[in-house]
Amino acid sequence: MLLRRCTQGLSLISLLLISCAVILDDMAILLAGCTLIMGILGQYLIFDHHFREIIASVEIQRSLDRNPVRKGTELQVSTNITFQGSPGMHVQIADLLPANTILLEGMTSVTTKPDPSSQAHQWSYRIIPIIHGTHHFSGISVTIRNLFFEENVQLTREGDRKPALSVLPTGSFASMASELSDGTKDSRKVSVWTGSDVHSLREYSAGDDLKHVDWKVSAKYDKFFIRKFTGLVSHPPLVIVDLPWCDAPYPEKEFNRMISEVTGMAKHTIQTYQYVSILLISGPNIIHLIREEKNIARCISELREWMHPAERLVHFYHMADRSDLRSKVRLSEYVLQQTTDSRARVFFENLHDRYVSILQYQRVPAFSGQVARTLSQLVMTEAYLFSLGYGDTSHIPQVVRQLQSLQIRVHNRIIDGTRPEKSVFRDYSAKTSEARS
Amino acid sequence: MNDLSQEYKFYIALVAGVIIATLLSGSPAGYLNFLLLFLVFGIMMITRTWHDRMFYLTCGSQPLVIACSVMNIWAGLFTVCMLAGMMCGELGLLESHRDFRFFALFCGSSFLIALLIQLSNHVLLPLLIFSCMAAIILGIQTVRMHQFRKHYSGA
């Protein structure tokens with residue numbers, strides 16, 4: 001219980017009056033002093049009564065935007081609090097965060113004005129768990145004050161600490177599927193986030209952490225052996241967006257769907273991997289690169305700024321890919337060897353000559369170099385390519401081939417108007433390999 | 001506006017009571033009570049918009065309580081009750097039946113203290129009894145608060 005300034009002053013006056021009454025042996029001063037103290041006591045009893053009423057009515061409900069979460073990633077918490085107010089009572093309610101978490105943004109408390117009606121408040125904030133394990137919220141801190149007193153109580157009952165936040169270590173967060181599909185790969189680099197798997201043992205050397213000693217093996221060989229752990233590292237996928245040409249008609253509905261899909265993916269990637277890189281192209285023109293953006297709001301505002309039909313300074317005019325042309329040359333040569341029909345031979349000879357002449361004069365496009373230079377700045381294991389698949393799409397195989405040469409798995413998301421509920425997966429690499437065979 | 005009128009009602013009752021008590025007692029220092037009534041009224045007017053008005057009113061009215069108690073302990077008790085009514089009106093603590101019960105409880109307790117003082121010859125005995133009662137109340141409250149905290153901490 002905290003006496004506020006007003007009560008401190010009144011208590012001082014009453015003590016002075018009682019002291020004077022004792023010194024002067026004056027009943028009148030004693031009456032004044034005693035009634036003043038009784039007034040303060042009465043106020044305390046009233047405050048205590050209201051305090052208990054308010055505390056008994058407090059109910060909290062928290063919801064997490066995802067659970068479990070990976071250590072070090074952002075998590076949004078939404079809190080709903082209801083309580084019965086009381087006249088003359090200011091109530092401050094604070095949500096106590098789980099242990100070992102950092103508040104990233106948002107408010108965790110609310111202060112209300114005196115109001116006797118039932119009150120409901122809602123707020124949300126973002127936290128980052130820094131240690132793995134199961135963490136409960138620490139509870140709620142309720143501070144109630146009026147003109148005379150202030151009291152704080154921490155509600156830490158089981159119901160006030162729900163839900164339990166399950167924080168997974170970085171290594172364990174990897175899914176059980178193949179290593180490449182979820183963007184993780186085994187790393188033996190020294191990291192603070194080590195996984196639980198042991199990849200090798202070596203003899204102890206001075207300075208090694210004794211926590212990592214393998215006692216069983218050490219006992220067997222009668223010398224210290226240190227465990228070397230593997231750690232899983234994960235890289236976010238690269239998002240590539242192929243914007244339509246502003247001077248040509250394009251399906252607006254599908255484009256809007258593509259924008260929402262890209263935005264959702266960017267948000268999800270930041271939440272899961274902490275950052276995202278987005279490459280915006282329009283045909284064989286690189287428009288913009290959003291590189292390793294960590295802030296969701298900033299990423300979305302940048303997408304809003306750039307995601308619209310763009311001017312194309314360079315066009316491919318349905319230019320065939322050089323690898324495809326070589327495959328076609330090989331195919332025509334093969335057919336020429338096999339066939340004996342004179343008309344077919346003439347046709348395939350012409351076709352062969354045409355392909356060879358195109359190959360002779362066709363240079364490697366500047367776009368390929370630009371894409372290669374851009375990709376060299378980024379680290380990734382997979383990429384998502386969003387496109388409307390409308391008009392000239394000859395630049396897409398160029399991008400896909402560049403990515404595949406870097407052993408990056410590519411997912412093509414072609415937004416198709418004929419199937420409004422789903423984006424179509426189109427495999428350009430399969431098409432090219434078919435042509436080759 | 002309702003609070004203000006409640007406050008004024010108690011003040012008018014206080015003025016009437018003090019005048020009657022002063023005239024009945026025929027005290028030669030009776031004029032002091034009237035001056036102190038003006039002092040209380042002055043503080044009421046000056047501190048109308050102040051946030052901690054209650055504190056200044058309480059401080060400013062203590063001389064009046066002492067002056068009336070010197071004249072007659074029951075006049076002092078009446079002054080205390082009227083001033084308490086003014087304070088409660090100012091704080092908005094006279095709006096429900098429960099508030100009036102609290103006010104009546106305060107007046108009843110003040111009556112018991114006044115009776116104790118009236119029956120005593122010296123300050124020490126009533127002060128000792130009052131201190132013991134206050135200590136018992138605070139002790140009970142401390143235990144209750146401890147149990148309350150224990151319950152809500154999930155222990």
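A, B, ... follow the sequence lines: proteins, then strands. Residue 1 opens every chain.
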* Between B:Gln118, B:Gln62, B:Arg98, which has the largest tally of heavy atom pairs under 4.5 Å with chain A? -> B:Arg98
* Asked: Above 12 or not: heavy atoms from other molecules or residues under 6.0 Å from CD of A:Glu59?
  -> no
* To do: Examine whether an atom of B:Ile117 lies under 4.5 Å from a heavy atom of chain A, and if so say whether it belongs to the side chain, the backbone or both; otherwise answer neither.
  => both
* **Residues, nucleotides or ligands: over 12 heavy atoms within 6.0 Å of B:Phe38 CZ** => no
* Determine the option with the most heavy-atom pairs under 4.5 angstrom with chain A, choosing from B:His51, B:Arg144, B:Met54. => B:Arg144
* Out of A:Gln154, A:His49, A:Glu158, A:Arg52, which one racks up the most heavy-atom pairs below 4.5 Å with chain B? -> A:Arg52
* Structure fact -> The interface call for A:Asp48 against chain B, heavy-atom contacts under 4.5 Å, is side chain
* For chain B, which residues of residues 99-124 of chain A have heavy atoms nearer than 4.5 angstrom -> none
* Should the pair A:Phe51 and B:Phe148 be assigned to parallel (<30°), tilted (30 to 60°) or perpendicular (>60°) ring geometry? -> tilted
* Asked: Can you find a heavy atom in the side chain of B:Val80 that is under 4.5 Å from one in the side chain of A:Leu36?
  -> no
* Inspect the surroundings of CZ in A:Arg5 and state if more than 12 heavy atoms from other residues, nucleotides or ligands are less than 6.0 Å away. => no
* Decide if atom CE of B:Met145 counts as having more than 12 heavy atoms of other residues, nucleotides or ligands within a radius under 6.0 Å. => yes
